[in-house]
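Heads up: the structure comes next, in structure tokens.
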Amino acid sequence: MFQVATGLLIAAAVASIGYQVAAQWDVLRHGPATWYWPLWIAAGLLLDLYWFYQILLWRRIMSMLGSRVDWSVAVRLFFISNLLAYIPGKVANVLGVAAFAHRYRISAVHAGATVVLLQIYSLLSGVLLIAVAWALWPEALQRVFPSGTMPALLVIAGIGLLVVCSPLLDVCVRWLLRCMGRPVVAIGLSPSRHLCNVGQYLGGWVLPGASLWCVVVSFLPQDVVWPPVLGVTAIFIGSYLLGLIAVLMPAGLGVTEAGLIFGLTRYCGTAHAVWGAVVLRGLILLTTILPLCILLLRARVGKTRSSPEQAMLSKEEAI
């Protein structure tokens, strides 16, 4: 049943993007009329800050589970997990991170459990943030979400809090690890620690939301009323969660963009929304691949330099 629902969601996303692109093809093929590239740099820097924030949270959860991870190793594992998320199924990033963690002599089970926990935290914190924002500033979000969204969000947030504050979260994580073929262990985190992690994850949502805002504003003329940051952040969260639920799509590719286009058209033209979704995806890939390549190149250079020194030491010991 879940796979059928996911397939329908993917089909709807593909159809929506195809319709929007076909309707705006004359505008899209000539590119945006105006664009301010410094805002793209600002958007990329905000995404870098978001990754930095996520890595700090990733290391903190690993430490809670009993595994201490060096910063350089944590960065590699985090970006490897992000890239492996582009393999359909939402399982490759967990298994891949577990395999690489074993290579670095880190608990593979703790690494896999951390990836699973982060996905659960993202789902719950995103729903909570939209619900709180709707309660405080309803006028900013009523343009984006249907009128019946608020009750549904409150129900989902209530269920999520119930899961976090009960042994159900440990049961869910153990079940996911069992499904992925990993050893089943008890997470052992208290409800207060889970809530603290959800709160920390919630605070980081503003960074990718602000990044999307910079991208969208870069295409808009100066005489146009700019969209509110809160509304754009809510659009990003909702679109990300749709991509997270669509397990068959690599990293939510297509589904997330469909959600972004649907939401951004409430504040700007369809062509601007399409360009905003495309540029944001490109920046996410760039800020994920570039740091990982730099780290791998640095490790390769360091290994090359250390090889002659090790050979010299071995020769001296032999003498």
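Start at 1 with the first residue, then count along the sequence.
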Check step by step if side chain to side chain contact (heavy atoms under 4.5 Å, CB included) holds for V216 and C268. CA-CA 8 Å; V216 173; C268 61; 4.2 Å; yes
Looking at every heavy atom in both [X] and [Y], which two are closest together, and how far apart are they?
X	Y	value
G259	S239	C-OG, 3.0 Å
A101	L77	N-CD2, 3.9 Å
L244	S122	CD2-OG, 3.6 Å
L220	P227	CD1-CD, 3.8 Å
H110	M62	O-SD, 3.5 Å
G238	I130	N-CD1, 4.0 Å

Rounded to the nearest 0.5 Å, what separates atom [atom1] in [X] from atom [atom2] in [Y]?
X	Y	atom1	atom2	value
W71	R59	CH2	CZ	6.5 Å
L123	L241	CG	CG	5.5 Å
C214	L47	SG	CG	9.5 Å
R76	R103	CZ	CZ	8.5 Å
R60	Q200	CZ	CD	4.5 Å
S81	L118	OG	CG	8.0 Å

Is the closest side-chain donor-acceptor distance between T114 and W58 under 3.5 Å? no
We want to know whether H272 and Y267 form a side-chain donor-acceptor pair, criterion being a heavy-atom distance below 3.5 angstrom.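 H272 vs Y267: no donor-acceptor pair found between side chains.
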is_close_aromatic([X], [Y]), centroid dist under 6.0 Å:
X	Y	value
W40	Y36	no
W205	Y53	no
W213	F236	no

Taking [Y]'s backbone N and O only, do any of them form a donor-acceptor pair with [X]'s side chain (distance below 3.5 Å, no angle check)?
X	Y	value
T233	V229	yes
T265	I261	yes
T288	I284	yes

In terms of heavy-atom contacts, does CZ of R266 have more than 12 from other residues, nucleotides or ligands at under 6.0 Å? yes
W37 atom CH2, neighbour heavy-atom count above 12 within 6.0 Å: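 For W37, atom CH2 is not crowded (no more than 12 foreign heavy atoms under 6.0 Å).
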What I'd like to find out is whether the side chain of N197 reaches to under 4.5 Å of the side chain of I61, using heavy atoms alone. yes
State, yes or no, whether a side-chain contact exists between L242 and T256 at a heavy-atom distance under 4.5 Å. no
Name the orientation class of the two ring planes belonging to F79 and W51 (parallel below 30°, tilted from 30 to 60°, perpendicular beyond 60°). perpendicular
Membership question, hydrophobic clusters at under 4.5 Å side-chain separation (ILVMFWY): are [Y] and [X] in the same one?
X	Y	value
L202	L56	yes
F78	L286	no
V279	L290	no
I294	V73	no
L195	L124	yes

From the options D70, I55, I80, select the one residue that forms a side-chain contact (heavy atoms from CB on, under 4.5 Å) with V75. I55
Which is it for L280 and E257 under the side chain to side chain contact (heavy atoms under 4.5 Å, CB included) test, yes or no, and what are the steps along the way? CA-CA 9 Å; L280 182 68; E257 281 71 25; over 6 Å; no
